[in-house]
Asker: 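Sending over a structure as structure tokens; questions will come in a sec.
Hydrogens, waters and symmetry mates are skipped; everything else that's a heavy atom, side chains included, is used.
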Amino acid sequence: MSHTKPIRKAVIPVAGNGTRFLPATKAMPKEMLPIVDRPVVQYAVDEARQAGIEHIVFVTGRNKQMIEDHFDVNPELMSSLSRAGKSAQLSELIDMLPTAGSVSFTRQQAPLGLGHAVWCAREMVGDEPFALLLPDMVSHGERGCMAGLVELYAETGGNILGVEQCAHEDVSKYGIVGVGDTVKHGFAVTEMVEKPNPDDAPSNLFLNGRYILQPSIFEKLADQPRGAGDEIQLTDAMVALSKSETFHAHPYQGRTFDCGCKHGFLEANVAFALARADMNELIFDSLKSMIASHQRGFGSA
Ligand code: G1P
């Protein structure tokens, strides 16, 4: 067991535009779209808390005030729930309220990429290792992915990446890692490539949006030239950092839904509804009858 500084803070970038969900995201942040009855961003916050993280730094942008309101008190709503005797809903709202001072917000002023968004959090993170959770990527499993990263980090120190297998044709959508020696319940990362051609990729293990990073990443990001898509890429800065620091990967045992695309978002809604005791039978029966009527030709063009 190495002597590592604890992971106390998590960065959650929420500045993206959500153009893939227009018109739903014309006025509403994409992170506020619901999976069943909780906004997408709530899942990342809950996962960070489950991993023992105390403070969340949101990197927001213009038109994202609704996220700030979601993590604040709503006194009118609370007193009206209380008057109506809706104690279950009231205690759910109270339970999910962050303790005072445990969330911070900073703005990314221009959409210069994920690397730039992370760099915007440097002052709030300070000189300590931190967790990074991309909220579009929603963990679904016995527990969230970040708890496993924190455990591996306690053994190895350095930088840790959440990874998962994807289909060969999906390799070009993500950052992909090369697989080295097995270390504890993970492995040493030999290389990282952003959105490679599937035939040239070192594996089909993709970066699933969960990271533990050393603060030295901020120095790399500060000097990082623009990469793919003319954006400052986090993966490029990690490649630079890997020359002097270790990177290990934690293969997530659950499944991550890519809620940045419609297909993944709809799948996540079905998976989370099926996992809920109060909904599973209803949803299962609905799905069965929808599939049967689809197979009979109803609804097809
Ligand atoms: C980013 C990262 C990529 C990672 C992905 C997960 O890509 O650059 O390495 O696999 O998130 O969602 P983006 O989705 O911003 O294109």
Side-chain angles (χ1 to χ4, degrees), residues 1-14 44-59 98-99 101-106 108 113-135 137 139 143-164 175 177 180-181 183-192 207-224 232-252 256:
M1 174 100 48
S2 64
H3 293 286
T4 53
K5 278 194 188 176
I7 307 299
R8 300 187 311 120
K9 296 180 185 171
V11 174
I12 303 188
V14 290
V45 170
D46 292 349
E47 183 184 334
R49 291 240 180 80
Q50 185 191 53
I53 279 146
E54 298 160 14
H55 192 107
I56 308 277
V57 178
F58 289 100
V59 181
T99 50
S102 68
V103 288
S104 305
F105 296 85
T106 187
Q108 183 186 22
L114 175 61
H116 180 257
V118 173
W119 181 75
C120 289
R122 68 199 180 282
E123 297 288 341
M124 285 171 161
V125 169
D127 189 24
E128 56 182 283
F130 62 100
L132 169 66
L133 297 95
L134 309 188
M137 303 300 275
S139 291
R143 63 176 186 166
C145 181
M146 187 50 76
L149 267 71
V150 169
E151 280 171 13
L152 183 57
Y153 169 78
E155 302 284 350
T156 63
N159 302 272
I160 312 286
L161 308 172
V163 296
E164 228 166 297
V177 298
D181 293 341
V183 179
K184 304 290 175 184
H185 56 282
F187 60 84
V189 172
T190 55
E191 60 179 305
M192 298 169 252
L207 298 176
N208 69 358
R210 299 294 180 269
Y211 310 76
I212 287 175
L213 295 167
Q214 294 298 317
S216 35
I217 194 74
F218 294 124
E219 290 151 39
K220 302 293 177 200
L221 286 168
D223 296 335
Q224 193 58 53
I232 298 169
Q233 294 288 347
L234 177 64
T235 306
D236 295 344
M238 295 196 302
V239 169
L241 189 59
S242 69
K243 311 276 184 263
S244 54
E245 291 193 21
T246 61
F247 278 76
H248 289 90
H250 163 69
Y252 181 43
T256 295

Asker: Got a second to check how far T190's OG1 is from D181's CG, nearest 0.5 Å?
Answerer: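 Result: 9.5 Å between the selected atoms.
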Asker: Backbone N or O of K5 within a donor-acceptor pair of the Y153 side chain at under 3.5 Å?
Answerer: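 Yes; judged by distance alone, with no hydrogens or angles, the pair exists.
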Asker: Is K9 reaching over with its side chain to a backbone N or O of M124, donor-acceptor style, under 3.5 angstrom?
Answerer: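 Here the side-chain-to-backbone pair exists.
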Asker: Which pair of heavy atoms, one from A121 and one from V11, lies closest together, and at what distance?
Answerer: CB-CG2, 3.9 Å
Asker: Check whether any side-chain heavy atom of Y252 sits under 4.5 Å from a side-chain heavy atom of N208, and report yes or no.
Answerer: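 SC-SC contact between Y252 and N208 confirmed.
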Asker: Quick check: closest heavy atoms across T4 and A154, and the distance to 0.1 Å?
Answerer: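 Looking at all heavy atoms of both residues, the shortest contact is OG1-CA, 4.0 Å.
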Asker: Once ring pair (Phe, Tyr, Trp, His ring centres under 6.0 Å) is applied, do any residues pair with F218, and if so which ones, sequence neighbours excluded?
Answerer: F130
Asker: Within this structure, what is the CG-CE distance for the pair L161 and M192, rounded to the nearest 0.5 Å?
Answerer: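 Here the rounded value is 6.0 Å.
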Asker: Can you tell if the side chain of L152 reaches within under 4.5 Å of the side chain of I212, non-hydrogen atoms only?
Answerer: no
Asker: Determine, step by step, whether H55 and R8 satisfy the side chain to side chain contact (heavy atoms under 4.5 Å, CB included) criterion, reporting the C-alpha distance in whole Å, the side-chain angles of both residues, the deciding distance to 0.1 Å, and the verdict.
Answerer: CA-CA 6 Å; H55 192 107; R8 300 187 311 120; over 6 Å; no
Asker: I'd like to check L133 versus E47 (side-chain heavy atoms, cut-off strictly below 4.5 Å). Are they in contact?
Answerer: yes
Asker: Rounded to the nearest 0.5 Å, how far apart are CD1 of I160 and CE of M146?
Answerer: 10.0 Å
Asker: Looking only at heavy atoms, what is the nearest atom pair of P13 and L114, with distance?
Answerer: CG-CD1, 4.0 Å
Asker: Ignoring hydrogens, what is the shortest heavy-atom contact between F187 and P251? Give both atom names and the distance.
Answerer: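 Taking every non-hydrogen atom into account, CE2-CG, 4.0 Å.
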Asker: Could you measure the distance from the CD atom of E191 to the OG1 atom of T235? Nearest 0.5 Å is fine.
Answerer: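 The CD atom of E191 sits 12.5 Å away from the OG1 atom of T235.
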Asker: Got V45 and F58 here, is their nearest side-chain heavy-atom distance under 4.5 Å?
Answerer: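 Sidechains of F58 and V45: in contact.
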Asker: Please check this pair: side chain of Q50 against backbone of R143, looking for a donor-acceptor N/O pair closer than 3.5 Å.
Answerer: no
Asker: Kindly indicate, with the supporting measurements, whether the criterion side chain to side chain contact (heavy atoms under 4.5 Å, CB included) is fulfilled by Y211 and L234.
Answerer: CA-CA 11 Å; Y211 310 76; L234 177 64; 3.8 Å; yes
Asker: For the pair V163 and L207, evaluate side chain to side chain contact (heavy atoms under 4.5 Å, CB included) and give the outcome as yes or no after the intermediate values.
Answerer: CA-CA 5 Å; V163 296; L207 298 176; 4.2 Å; yes
Asker: Give me the one residue out of I217, I7, N159 that meets side chain to side chain contact (heavy atoms under 4.5 Å, CB included) with P129.
Answerer: I7
Asker: Can you list every side chain to side chain donor-acceptor pair (under 3.5 Å) pair that touches residues 214-224, not counting sequence neighbours?
Answerer: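 Checked against side chain to side chain donor-acceptor pair (under 3.5 Å) - neighbours excluded - the pairs reaching residues 214-224 are S216-E245.
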Asker: To the nearest 0.5 Å, what is the distance between OG on S139 and CZ on R210?
Answerer: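 Taking OG in S139 and CZ in R210, the distance rounds to 4.5 Å.
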Asker: Working to the nearest 0.5 angstrom, can you tell me the gap between L213 CG and L221 CG?
Answerer: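 L213 CG to L221 CG: 8.5 Å, rounded to 0.5 Å.
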Asker: Which atom pair, heavy atoms only, marks the closest approach of G162 to C145?
Answerer: CA-SG, 4.3 Å
Asker: If you look at every heavy atom in T106 and C120, which pair is closest and at what distance?
Answerer: CG2-O, 3.7 Å
Asker: Run the side chain to side chain contact (heavy atoms under 4.5 Å, CB included) test on V118 and V125 for me, step by step, so that the C-alpha distance in whole Å, both residues' side-chain angles and the decisive distance to 0.1 Å come before the verdict.
Answerer: CA-CA 10 Å; V118 173; V125 169; over 6 Å; no
